[in-house]
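Whatever order the structure lists ligands and atoms in, that order sets their numbers, starting from 1. For this chain, numbers begin at 1 and follow the sequence in order.
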Amino acid sequence: METEKIKCLIIGSGPAGYTAAIYTSRANLSPVLYEGMQPGGQLTITTEIENFPGYPEGVTGFDMMEDLKKQAVKFGADVRRGVATACDFSKKPYKVTIDSEKEIEAETVIISTGATAKYLGLPDEHKYAGKGVSACATCDGFFYRKKTVAIVGGGDSACEEALYLAGLANKVYMIIRKNCLRASQIMQDRVMKHPKIEILFNTNTLGLYGDEFLEGAHLVKFKGDVQEEKFDLPVDGFFLAIGHRPNSAVFEKYLEIDANGYIKTQWGTTKTAIPGIFAAGDVADPNYRQAITAAGTGCIAAIEVERYLNSIE
Ligand code: NDP
């Protein structure tokens, strides 16, 4: 297998990875960044970002990630297509296999692989994937213009996506398992006031139906209670926005991972239990998961890489 020796490897291309690349390239560490499965990360499939400081008019996730990439490349970061498929962190130099065909031997590694959308686990979700079921409203909403759709989840993502869908579809149902939304107040207010959005509280999805394409969802209200009520909701599109799972599986043999899959770091730092291996952004953040906090931890990881390399020289 082809092997390449480098000082700093960055895995993942969201705000954490690109920020780490900007800082490490400006520190002359010649970082190599592999973009991973979703170049640009989750933000490339969101709509407008309104809360990243410095953009009073908002910015699309796609444009922001293109700008971050340009900035990293401008300072000399080597940004490449490729996915980390295996690793060996048992001894130095640390080894990471890319696309099962190339090995990188790195003195330091910044893991910024982000997180991936969760599904409910219903067998029919995969049967109707691309035929009515989607975990990305901004990618697939366009196909549901003037149609009826449902979205599961009551967090900020679900509200953001419900509002986006309401700009295209005739009717949007939000399916919420509790009696309240989890989203920030401003997002709650926006969905509650929207004339095309109807919120179905205390409602769970039992299954989906349809011939070749999705035609609706089997739902249950007040599941397990005396007033339990099963009903069918005819919809053309069924969207999931129920959170994300950190992309940490490749590293779990060597690093400490919490019960939800997040890489554990030392409090207030991006240091993992292995010296020289750092984790930044959503893959190590069960709490905040914002673009700005991911970028912040990417910066911290880069500074920690520099200090670590100075300390061992
Ligand atoms: P969250 O974890 O905040 O919300 C997940 C939602 O999905 C909750 O309503 C949860 O319900 C529901 N859910 C989870 N599992 C199931 C299930 N099996 N069946 C039905 N419903 C389920 O995820 P988000 O992706 O919305 O947000 C993640 C983080 O990113 C948050 O910190 C959020 O603030 C942030 N974010 C910020 C944005 C912004 O500032 N512009 C935009 C998008 C996200 P329950 O409440 O019952 O657990």
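Aromatic rings of Phe239 and Tyr144 (six-membered ring for Trp) have centroids within the 6.0 Å cut-off, being under it.
Ring pair Tyr94/Phe89 is perpendicular by interplanar angle, where above 60° counts as perpendicular and below 30° as parallel.
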### Task
Assess whether side-chain contact (heavy atoms from CB on, under 4.5 Å) is satisfied between Arg289 and His244, documenting all intermediate values.
CA-CA 10 Å; Arg289 293 173 290 176; His244 293 82; 5.7 Å; no
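A salt bridge links Lys102 with Glu2: the closest approach of a Lys/Arg side-chain nitrogen to an acidic carboxylate oxygen falls below 4.0 angstrom. Look at Arg81 and Glu35 and you find a salt bridge, because one of the NZ, NE, NH1 or NH2 atoms lies within 4.0 Å of a carboxylate O, short of that distance.
Using a 3.5 Å distance cut-off with no hydrogens or angles, the side chains of Asp189 and Gln185 do pair a donor with an acceptor.
Near ligand 1, heavy-atom contacts under 4.0 Å come from Asn51, Leu120, Val152, Gly153, Gly154, Gly155, Asp156, Ser157, Glu160, Arg177, Lys178, Arg182, Ala241, Ile242, Gly243, His244, Tyr288, Arg289, Gln290.
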